[in-house]
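Structure record follows, encoded as structure tokens.
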2 protein chains.
Amino acid sequence: MWSNHINYHCIMRTHQLVLTWIENELSAGRLMVGGRLPAERSLAEQLAVSRTSVREAIRILEAMGVVRAGVGSGPEAGTVVISDPTAALGSALRLHVATQHLPVKDIVETRVLLESWAVSQASPDAPGLRNAAALLAGMDEPGLSVDEFLALDVQFHLALADAAGNAVVSAMMGSLRESIQGYAGRLTANLPDWAATASRLMAEHHQILDAITAHDGGRAAKLVAAHIEGYYQEAGLGPSA
Amino acid sequence: MWSNHINYHCIMRTHQLVLTWIENELSAGRLMVGGRLPAERSLAEQLAVSRTSVREAIRILEAMGVVRAGVGSGPEAGTVVISDPTAALGSALRLHVATQHLPVKDIVETRVLLESWAVSQASPDAPGLRNAAALLAGMDEPGLSVDEFLALDVQFHLALADAAGNAVVSAMMGSLRESIQGYAGRLTANLPDWAATASRLMAEHHQILDAITAHDGGRAAKLVAAHIEGYYQEAGLGPSA
DNA sequence: TAGGGCATGTGGTCCAACCACATCAACTAC
DNA sequence: GTAGTTGATGTGGTTGGACCACATGCCCTA
């Protein structure tokens with residue numbers, strides 16, 4: 001698609017020219033996270049293109065989680081560079097799931113693969129693990145609604161993924177989660193006895209954390225795989241797809 | 001009816017409205033891969049928005065690999081639904097590498113993880129493997145230029161990833177490749193003796209394929225990991241990042 | 001000095017053109 | 001009758017200009 005390399009001798013659409021310019025600014029370090037792009041009108045004049053084309057490029061970067069656009073004046077305004085890879089990967093995966101060219105089964109399988117690897121690599125003293133333990137404590141609180149429990153569950157698993165210290169794996173895990181979030185939420189309605197399921201999930205969570213703390217990455221990986229696959233099978237993924 | 005006004009300022013920007021509409025059409029099965037979106041002007045009228053907003057939405061979908069836009073008339077023209085998850089993931093990863101928030105080291109590590117898993121899962125009679133063998137034969141041809149060799153190498157590794165039959169893993173592998181393609185190409189210049197390296201790579205390729213054919217997924221995975229890590233270390237990734 | 005109100009600059013949206021391109025049908029020349 | 005040309009049609013691609021809502025900050029007034 002957009003070649004990283006020389007496009008100068010190729011004809012390219014105007015918004016791709018803008019895109020290439022911005023990407024070069026990023027690569028060269030002249031634009032950094034937290035920095036701001038020139039105003040749309042100004043950038044259009046600089047690159048001798050229309051504001052429309054600049055906007056199309058910015059819209060793409062926004063969808064990719066590379067910039068955030070804000071109206072008005074002040075620190076929250078303007079187009080500022082951020083870095084949210086999960087947003088891009090998540091939207092893309094969700095859209096392709098919608099086209100039914102990415103089976104949910106493959107997404108779950110990939111999630112098992114990545115999360116198993118993450119916990120197998122996690123060091124017991126990784127900074128994120130303390131966070132994970134705190135989340136577990138929060139999930140033990142009585143009187144939590146299903147939605148509250150699931151929200152904490154998502155955060156717990158993301159904390160596990162972060163513990164491996166690989167930003168790409170963390171981003172992919174987050175996007176996989178996001179892409180099937182609606183799907184997983186619907187599955188919950190299939191569960192015959194939510195209280196029983198929740199208590200089983202919590203027991204498994206503690207086992208996983210214990211295995212990591214005990215430096216037993218292999219066991220942690222197996223537990224995570226069983227944990228995830230068990231949930232989806234109980235909720236009815238298995239037979240349908 | 002409520003004025004557009006209130007709607008898009010309180011709920012979502014207009015191009016997101018278009019995006020949502022299209023995503024719903026996809027989920028509902030009214031739009032499928034190979035199908036065509038209404039013409040931009042027509043869609044704008046349908047949704048009571050400007051053509052500009054429709055175009056911004058289509059630009060995003062195009063960047064996500066969900067749609068391909070073609071000018072003129074005939075079968076190649078118009079905006080048709082495709083499914084190229086690799087494009088989206090690859091562009092996103094590349095951009096975030098440019099912001100230096102995704103270390104190349106993590107990308108290589110993730111690639112090792114995914115590709116190792118893929119070959120460990122690959123069945124010896126997977127359809128893609130015959131293709132992989134043919135690519136290897138092509139790479140044995142004498143007189144191949146470095147670039148030709150590397151192009152075949154990319155295809156070989158992607159064929160390996162496809163052999164596991166997981167579309168998500170295949171897409172992610174392709175995108176990881178794409179995101180560091182420029183980087184890897186530059187590394188080649190660091191190699192002291194290309195001919196020696198190429199022959200070593202080929203020997204390892206054959207070993208990997210043999211392990212898969214022998215149903216020894218575990219050995220294949222180990223070989224792949226060593227193959228990839230060895231290349232990047234020889235080319236100088238290790239010390240720099 | 002404290003307050004209101006306008007000047008400025010941002011992104012968000014829309015419109016009305018025009019261009020380049022590709023196909024197809026009608027028309028013309030042979 | 002056939003072959004070639006030519007224009008009509010419809011597609012996305014691009015542009016400039018206009019207006020809006022919003023947020024800040026200065027300036028002027030009470």
Side-chain angles (χ1 to χ4, degrees), chain A residues 1-2 7 10-22 31 34-82, chain B residues 1-22 31 34-82 84 87:
Chain A
M1 194 144 165
W2 318 323
N7 301 73
C10 305
I11 64 117
M12 55 194 306
R13 276 132 91 203
T14 331
H15 75 267
Q16 285 176 335
L17 180 125
V18 182
L19 231 25
T20 304
W21 182 86
I22 296 179
L31 262 180
R36 293 162 59 147
L37 261 66
E40 295 178 354
R41 294 165 176 86
S42 159
L43 190 51
E45 191 182 7
Q46 268 188 57
L47 302 182
V49 300
S50 72
R51 191 183 159 208
T52 310
S53 301
V54 171
R55 283 182 59 77
E56 287 184 357
I58 291 181
R59 205 56 57 233
I60 291 176
L61 293 176
E62 198 180 26
M64 296 281 200
V66 176
V67 302
R68 168 182 63 73
V71 293
S73 304
E76 289 305 305
T79 305
V80 19
V81 180
I82 60 178
Chain B
M1 247 298 175
W2 34 352
S3 103
N4 272 342
H5 234 40
I6 294 167
N7 231 352
Y8 48 69
H9 283 298
C10 297
I11 300 187
M12 53 165 77
R13 293 184 291 182
T14 31
H15 71 91
Q16 286 173 335
L17 180 134
V18 181
L19 228 27
T20 304
W21 183 86
I22 296 179
L31 263 180
R36 292 163 59 149
L37 261 66
E40 295 179 353
R41 294 165 177 85
S42 157
L43 189 51
E45 190 182 8
Q46 270 187 54
L47 303 181
V49 299
S50 73
R51 191 182 160 208
T52 311
S53 300
V54 171
R55 282 182 59 77
E56 287 185 357
I58 291 181
R59 271 302 77 65
I60 293 176
L61 293 176
E62 198 180 26
M64 297 281 204
V66 176
V67 125
R68 169 181 61 72
V71 293
S73 304
E76 289 305 303
T79 305
V80 0
V81 180
I82 61 178
D84 182 10

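Note that these values count all heavy atoms, side chains included, but never hydrogens, waters or copies made by symmetry. In what follows, every chain begins at residue 1, and chains take the letters A, B, ... in the order their sequences are listed.
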Scan [X] against the nucleic acid and name what it touches under 4.0 Å (heavy atoms): base, sugar-phosphate only, or nothing.
| X | answer |
| --- | --- |
| B:Ser53 | sugar-phosphate |
| A:Thr14 | sugar-phosphate |
| A:Arg59 | sugar-phosphate |

Quiz prompt | Check: C:dG11 base within 3.5 Å donor-acceptor of A:Arg68 side chain | solution =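 Looking at the base of C:dG11, it does not pair with any donor or acceptor on the side chain of A:Arg68 (distance under 3.5 Å).
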Practice problem: Using the closest heavy atom to pick a nucleotide of DNA chain D for each, name whichever of A:Arg13 or A:Arg51 lands nearer the 5' end. | Solution: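 Its nucleotide being nearer the 5' end, the pick is A:Arg13.
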Self-check item: Upstream residue (5' side of DNA chain D) when A:Val71 and A:Val49 are each assigned their closest nucleotide
Solution: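 Its nearest nucleotide lies further toward 5', so the answer is A:Val49.
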Between atom [atom1] in [X] and atom [atom2] in [N], what is the gap in whole Å?
| X | N | atom1 | atom2 | value |
| --- | --- | --- | --- | --- |
| A:Leu47 | D:dG16 | CG | P | 13 Å |
| A:Met12 | D:dG13 | CE | P | 14 Å |
| B:Glu76 | D:dG13 | CD | P | 14 Å |
| A:Ile58 | C:dT13 | CD1 | P | 13 Å |
| B:Leu17 | C:dT13 | CG | P | 10 Å |
| B:Ile60 | C:dG12 | CD1 | P | 11 Å |
| B:Gln16 | C:dG11 | CD | P | 17 Å |
| B:His15 | C:dC14 | NE2 | P | 11 Å |

Which of the following nucleotides, [options], is nearest to the side chain of [X]?
| X | options | result |
| --- | --- | --- |
| B:Thr52 | D:dG12, D:dT14, C:dC14 | C:dC14 |
| A:Ala39 | C:dG9, C:dT10, C:dT13 | C:dT10 |
| A:Ser50 | D:dT15, D:dG10, C:dT13 | D:dT15 |
| A:Arg41 | D:dT15, D:dC19, C:dC14 | D:dC19 |
| B:Glu56 | D:dC22, C:dT13, D:dT24 | C:dT13 |

Quiz item: For B:Gln46, does the CD atom sit with more than 12 other heavy atoms under 6.0 Å from it, leaving out its own atoms?
Solution: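 Check passes, neighbour count above 12.
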Quiz item: Are B:Glu56 and B:Arg59 within salt-bridge range, i.e. N to O under 4.0 Å?
Solution: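 A salt bridge is absent here (no side-chain N lies under 4.0 Å from a carboxylate O).
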Quiz prompt | Five-pair end axes of the helix from C:dT1-D:dA30 to C:dC30-D:dG1, angle between them (10°) | solution =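 One end's axis against the other's: 40°.
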Practice problem: Return the set of residues passing salt bridge (Lys or Arg N to Asp or Glu O under 4.0 Å) with B:Arg41 (not counting sequence neighbours), or none when no residue passes. | Solution: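 By the salt bridge (Lys or Arg N to Asp or Glu O under 4.0 Å) rule, B:Arg41 matches no residue at all.
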Rounded distance (nearest 0.5 Å) linking atom [atom1] of [X] with atom [atom2] of [Y]:
| X | Y | atom1 | atom2 | answer |
| --- | --- | --- | --- | --- |
| B:Met64 | B:Ile82 | CE | CD1 | 13.0 Å |
| A:Arg55 | A:Ile60 | CZ | CD1 | 12.5 Å |
| B:Leu47 | B:Thr20 | CG | OG1 | 10.5 Å |
| B:Arg51 | B:Ile58 | CZ | CD1 | 9.0 Å |

Quiz item: With respect to the phosphate group of D:dG12, does any side-chain polar atom (N or O) of B:Thr79 fall under 4.0 Å of OP1 or OP2?
Solution: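 Checking D:dG12 against B:Thr79, a side-chain N or O does come within under 4.0 Å of OP1 or OP2.
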Quiz item: Does OP1 or OP2 of D:dG13 have a side-chain N or O of B:Arg55 closer than 4.0 Å?
Solution: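 Yes, because at least one side-chain N or O of B:Arg55 sits under 4.0 Å from OP1 or OP2 of D:dG13.
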Self-check item: Exercise: identify the closest heavy-atom pair between B:Gly65 and B:Ala87
Solution: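 Residues B:Gly65 and B:Ala87, closest heavy atoms: CA-CB, 4.3 Å.
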